[in-house]
There are 2 protein chains.
Amino acid sequence: MKKRKKIIHQPEKLQIAVDIVIFTIIDDKLKILLIQRATKPFKGKWALPGGHVDINESLEKAAKRELQEETNVKKVYLEQLYTFGDPSRDPRGRVISVTYFALLNKKPAIKSASDAADVRWFNVKEIPSLAFDHNKIVSYALKRLRWKLEYTNIAQRFLPRYFTLTELQRVYEIIFGKKIDKRNFRKKILSLNLIRPSRRKRKMVAHRPPRLWQFVSSKNVILTKRELIF
Amino acid sequence: MKKRKKIIHQPEKLQIAVDIVIFTIIDDKLKILLIQRATKPFKGKWALPGGHVDINESLEKAAKRELQEETNVKKVYLEQLYTFGDPSRDPRGRVISVTYFALLNKKPAIKSASDAADVRWFNVKEIPSLAFDHNKIVSYALKRLRWKLEYTNIAQRFLPRYFTLTELQRVYEIIFGKKIDKRNFRKKILSLNLIRPSRRKRKMVAHRPPRLWQFVSSKNVILTKRELIF
DNA sequence: CCAAAAGTGTTGGTTTTACACCCATGG
DNA sequence: CCATGGGTGTAAAACCAACACTTTTGG
């Protein structure tokens, strides 16, 4: 398994990588996927999944490909985050990293990537010290995620097609990290016309069966000031 | 499976450029700086100022350097916008462009850059068809600028240190493209405690001399929901 | 019938919007 | 004394935050 990687010093060559912050909600906690590096530099350290961009590949395609090397998902929300280009961010040479964040609506099967010693979901509140400048990237991604949750309909990317209002509320509570009043939440979310009720109810629960809802649009919607959620 | 190492012969190498959308307000209009290309491809077309990133130069430094090749300003607000990396965006080969936007608080002297046939300020409402994907970049920059004006204290970057409330209001009006009620604007902006009055007044005007104000912090401040300006 | 989560309204405080007149100066 | 932009308050409407009980199901 040990792969000898030649650490060629290429002071003249500039490289582009993509790194991805993959979020999902597992057991009512917001998690991100990290891989443990099998090779130097930072061997043994946890890092974001990522890799090089092929010469004829768009950045987004590269991000999608890297994502699929770790997980089996195909339908996924991907958004470009920021480009980190400090000349000293990678000890091997000049590597500019275009970062993305991805949102998954369920825990995917994890493949074992070839160059990883291990792969795991980490609670965002328990991120260890990461390789490269990846802690910075994660914190940037988290900020962006919270921000988008407030002013867009991005919450849908964490949910299946049909969901209950309580499940939707929980997405907000988990990501914002605070409790929200149920009545106020419902009043607010319904006034936005982002979601519509389906005729279905969730059956086989030991309590009053909740109605199932769905998002009206699968496109990204930007809310204006007075529509923002908390 | 993923062991595909890209040993494929690379017909071209990947390059990184920065492109900058330079905004300023001139004659009560929002303008951006464009250069007319002197060389192929797109010879004769207008384009954003920009250029290649040196191997040991951070992206922001590269953007600053390019900015100074066109203008004489040094103190300038610069912010990374987005990275455009479509493989076909540049006919010469694979060029990934990291874009920035810059805000100037006054019309700078324009140097004549070596590779430009001409350099001009364009009203954002009258942008011609540009080289490469630069129209897309400009429209993205405009969106971001309007957005930031609403939820940060970025307006200060268009103003000198001391300014009148009417001048500040005009920044908002010009960029949002709509009139704002003077009393409501003042009430709002004062309630935010972003600015403080100086003892000075602007003299030598043929009407009641206005008080001069300054921003409390030259750092970027992010406003929360209830503080947003309109 | 018990446990569990679903579902539902009202009120008081705050924020927003719309709107018109007097003030201080230079010429 | 005129022209010009500077400066100021109020009331009605919309919005937000806080708060508790009844309903429906499975077991």
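Each chain gets a letter, A, B and so on, in the order its sequence line appears, and its residues count up from 1.
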Given dA5(C), is OP1 or OP2 found less than 4.0 Å from the side-chain N or O atoms of Thr166(A)? no
Whole-Å distance separating the CD atom of Gln169(B) from the P atom of dG5(D): 14 Å
Salt bridge between Glu69(B) and Arg65(B), side-chain N to carboxylate O under 4.0 Å? yes
Nearest-angstrom distance from the residue atom CD1 of Ile189(B) to P of dG7(D): 15 Å
What contact category does Arg186(B) fall into here, base, sugar-phosphate, or nothing, at under 4.0 angstrom with non-hydrogen atoms? base
For Arg211(B), which contact category applies under a 4.0 Å heavy-atom criterion: base, sugar-phosphate, or nothing? sugar-phosphate
What's the closest nucleotide to the Pro210(A) side chain, out of dA17(D), dG5(D), dA6(C)? dA6(C)
Among dG9(C), dT24(D), dA24(C), which nucleotide sits nearest the side chain of His207(B)? dA24(C)
From CE of Met204(A) across to C1' of dT25(D) the rounded distance in Å is 11 Å
Side-chain N or O of Lys182(B) closer than 4.0 Å to phosphate OP1/OP2 of dC19(C): no
Would you tell me whether Thr24(A) and Lys107(A) have side-chain atoms, one donor and one acceptor, within less than 3.5 Å of each other? no
Distance in angstrom units between Ile180(B) CD1 and dT16(C) P, rounded: 14 Å
Hey, what's the ring geometry for Phe163(B) with Phe215(B), parallel, tilted or perpendicular (30° and 60° as the breaks)? tilted
Regarding dT10(C), can its base be found pairing with the side chain of Lys187(A) as donor and acceptor, where the two atoms are less than 3.5 Å apart? yes
What's the closest nucleotide to the Pro209(A) side chain, out of dG9(C), dT24(D), dA24(C)? dT24(D)
If you check the Ala206(A) side chain, which of dA24(C), dG26(D), dG9(C) turns out closest? dG26(D)
Looking at the base of dC19(C), is there any donor atom on it, or on the side chain of Asp181(B), that sits under 3.5 Å from an acceptor on the other one? yes
Do we get Arg144(A) above Tyr140(A)'s six-membered ring, with its NZ or CZ under 6.0 Å from the centre and within 45° of the axis? no
OP1 or OP2 of dT14(C) sitting under 4.0 Å from any side-chain N/O of Arg226(A)? no
Return whichever of Thr164(B) or Asn184(B) has its heavy-atom-nearest nucleotide of DNA chain D closer to the 5' end. Thr164(B)
Taking any heavy-atom pair under 4.0 Å as a contact, classify Lys188(A): base, sugar-phosphate, or nothing. sugar-phosphate
Starting at atom CZ of Phe185(A), determine the distance to atom P of dG7(C), rounded to an integer number of angstrom. 12 Å
For DNA chain D, whose closest nucleotide is more 5', that of Arg208(A) or that of Arg183(A)? Arg183(A)
Quiz item: Lys201(A) side-chain donor-acceptor pair to dT25(D) base, under 3.5 Å: no
Between CD1 of Ile229(A) and C1' of dA17(D) the distance, given in whole Å, is 16 Å
For Lys225(A), which contact category applies under a 4.0 Å heavy-atom criterion: base, sugar-phosphate, or nothing? sugar-phosphate
Exercise: do Ser218(A) and Arg157(A) side chains pair donor with acceptor under 3.5 Å: no
Spacing of Glu167(B) atom CD relative to dG5(D) atom C1', expressed in whole Å: 12 Å
For the ring pair Phe230(A) and Phe176(A), is the centre-to-centre distance below 6.0 Å? no
Spacing of Leu212(A) atom CG relative to dA5(C) atom C1', expressed in whole Å: 14 Å
